Amino acid sequence: MAITVDASAETALARTRRARRIVRALGELHPDARIALRFGNPLELLVATVLSAQCTDKKVNEVTPAVFDRYRDAGAYAAADREELEALLRPTGFFRAKANSLIGIGTVLAERFGGEVPGRLADLVTLPGVGRKTANVVLGHAFGVPGITVDTHVGRLSRRFALTTETDPVRVESDLAGLIERRDWTIASDRMIFHGRRICHARRPACGACAIAPLCPSFGEGPTDPLQAARLVRGDAEAAR
């Protein structure tokens, strides 16, 4: 298969159309795309997302049941015994910083938001340890407010697809927002994360086994032979690590 996309000669309109075709193609390829973190309410999702920094979703999902059972509301996090909380968070790494964030989040939620997680980006990013990425995860999956989550996978794929040249997550988010329909922002992020974990790997993308290849200017960065590429494709269990 030859590269069919010359991004350097692409008009803005052509790039927008290609971006939206990519989102649709990813939907066909990954119809089960979804957030991997398990949660029951906005506060649980906020906590899980904070814990997912520098940690796999699989490990977070192993840790959060005990955390959610012990701390059921914002006030409980605000009043948490630091040593006890750190012990629960230890398997996720950076547990002291994460404990600081959760205690701080609980305190701010209790003092400024009536104990409830706010449903506005401007409010969410005022919480300790919460940036735009975490805020967009919460908005998109807990409140149904479209948001683009630029993690390492979304950033990498956006550049490989030549939808942006930026490396700063905020600028990547801005570029994608200008290309993808707002209603698709959340699901597009989920699909790109799925694709990045399963097929479009950082070191050796499975180009020859990728259905997005006809839309991708970076085809050929990984093995193009279908059989060789197929060996690189990861299933759910491998991708969750």
Side-chain angles (χ1 to χ4, degrees), residues 1-11 14-38 52 54-62 133 136-137 140-141 147-167 169 172-173 175-177 179-181 183-241:
M1 184 186 301
I3 297 176
T4 59
V5 177
D6 180 5
S8 65
E10 195 172 42
T11 66
R15 182 171 294 110
T16 297
R17 288 174 172 170
R18 183 168 60 86
R20 295 179 182 187
R21 287 174 64 195
I22 287 172
V23 172
R24 291 194 296 270
L26 287 173
E28 295 173 1
L29 184 60
H30 305 294
D32 55 340
R34 65 195 181 282
I35 187 170
L37 298 172
R38 298 174 190 154
S52 70
Q54 304 297 314
C55 182
T56 66
D57 291 344
K58 179 181 179 182
K59 178 58 66 176
V60 172
N61 288 336
E62 292 172 357
K133 182 178 79 171
N136 279 325
V137 170
H141 297 91
I148 296 174
T149 302
V150 181
D151 71 348
T152 56
H153 300 291
V154 172
R156 180 177 73 253
L157 268 63
S158 298
R159 288 183 288 275
R160 278 189 176 157
F161 292 155
L163 302 180
T164 185
T165 59
E166 302 289 352
T167 57
V172 173
E173 179 188 342
D175 284 349
L176 292 180
L179 296 170
I180 299 169
E181 291 183 280
R183 66 185 182 188
D184 292 331
W185 286 356
T186 300
I187 192 60
S189 302
D190 290 345
R191 291 170 180 171
M192 291 175 76
I193 291 169
F194 250 54
H195 196 63
R197 287 176 171 171
R198 287 157 177 74
I199 296 174
C200 195
H201 313 306
R203 294 184 180 178
R204 295 189 73 203
C207 292
C210 180
I212 312 301
L215 299 168
C216 182
S218 300
F219 177 78
E221 285 193 13
T224 59
D225 176 75
L227 293 179
Q228 188 179 4
R231 299 189 188 102
L232 300 175
V233 176
R234 296 174 182 166
D236 287 347
E238 292 177 296
R241 293 174 184 170

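When reading the values below, keep in mind they use all heavy atoms of this one structure, side chains included, and skip hydrogens, waters and symmetry mates. These numbers were taken from a predicted model, which means no experiment stands behind them.
Within the structure, salt bridge (charged side-chain N to carboxylate O under 4.0 Å, His left out) pairs that include any residue of residues 151-164 comprise Arg160-Glu221 (at least two apart or interchain).
A heavy-atom distance below 4.5 Å is found between the side chains of Asp32 and Phe194. Inter-residue side-chain proximity for Leu163 and Arg15 is flagged as met; some heavy-atom pair is nearer than 4.5 Å. Counting heavy atoms from C-beta outward, Arg204 and Arg231 have side chains that stay 4.5 Å or more apart. At least one side-chain heavy atom of Ile193 sits less than 4.5 Å from a side-chain heavy atom of Val154. Using a 4.5 Å heavy-atom cutoff, the side chains of Glu181 and Val23 are not in contact.
Annotation for Gly196 and His153: closest pair C-ND1, 3.7 Å, computed over non-hydrogen atoms. Summarising the geometry of Gly220 relative to Cys207, their closest heavy-atom pair is N-SG, 3.5 Å, with the distance given to 0.1 Å. When all heavy atoms are compared, the tightest approach of Ile212 to Phe161 is CG2-CE2, 3.8 Å. When all heavy atoms of Ala36 and Asp57 are compared, the closest pair comes out as CB-OD2, 3.4 Å. Between Asn136 and Gly147, the shortest heavy-atom contact is OD1-CA, 3.6 Å. A pairwise comparison of heavy atoms in Leu179 and Ala19 identifies CB-CB, 3.8 Å as the closest pair.
Atom OG1 of Thr186 and atom CD1 of Ile35 lie 9.5 Å apart (nearest 0.5 Å). We find the OG-CD1 distance between Ser158 and Ile180 to be 7.0 Å, quoted to the nearest 0.5 Å. Between the CG atom of Leu29 and the CZ atom of Arg24 there is a distance of 15.0 Å, given to the nearest 0.5 Å. Thr149 OG1 to Glu173 CD: the interatomic distance, rounded to the nearest 0.5 Å, is 8.0 Å. A distance of 9.0 Å separates CZ of Arg191 from CD of Glu28, quoted to the nearest 0.5 Å. In this structure, SG in Cys200 is found 11.5 Å from CG in Leu232, a value given to the nearest 0.5 Å.
For Ser189 (side chain) and Ile148 (main-chain N/O), no donor-acceptor pair under 3.5 Å exists by modelled atom type. Distance alone, capped at 3.5 Å, places no donor-acceptor pair between the His195 side chain and the Leu26 backbone. Distance alone, capped at 3.5 Å, places no donor-acceptor pair between the Arg18 side chain and the Ala7 backbone.
Side chain to side chain, His30 and Asp190 fail the donor-acceptor criterion of an N or O pair below 3.5 Å.
Remark: Thr164 pairs with Asp175 by the side chain to side chain donor-acceptor pair (under 3.5 Å) rule, at least two apart or across chains.
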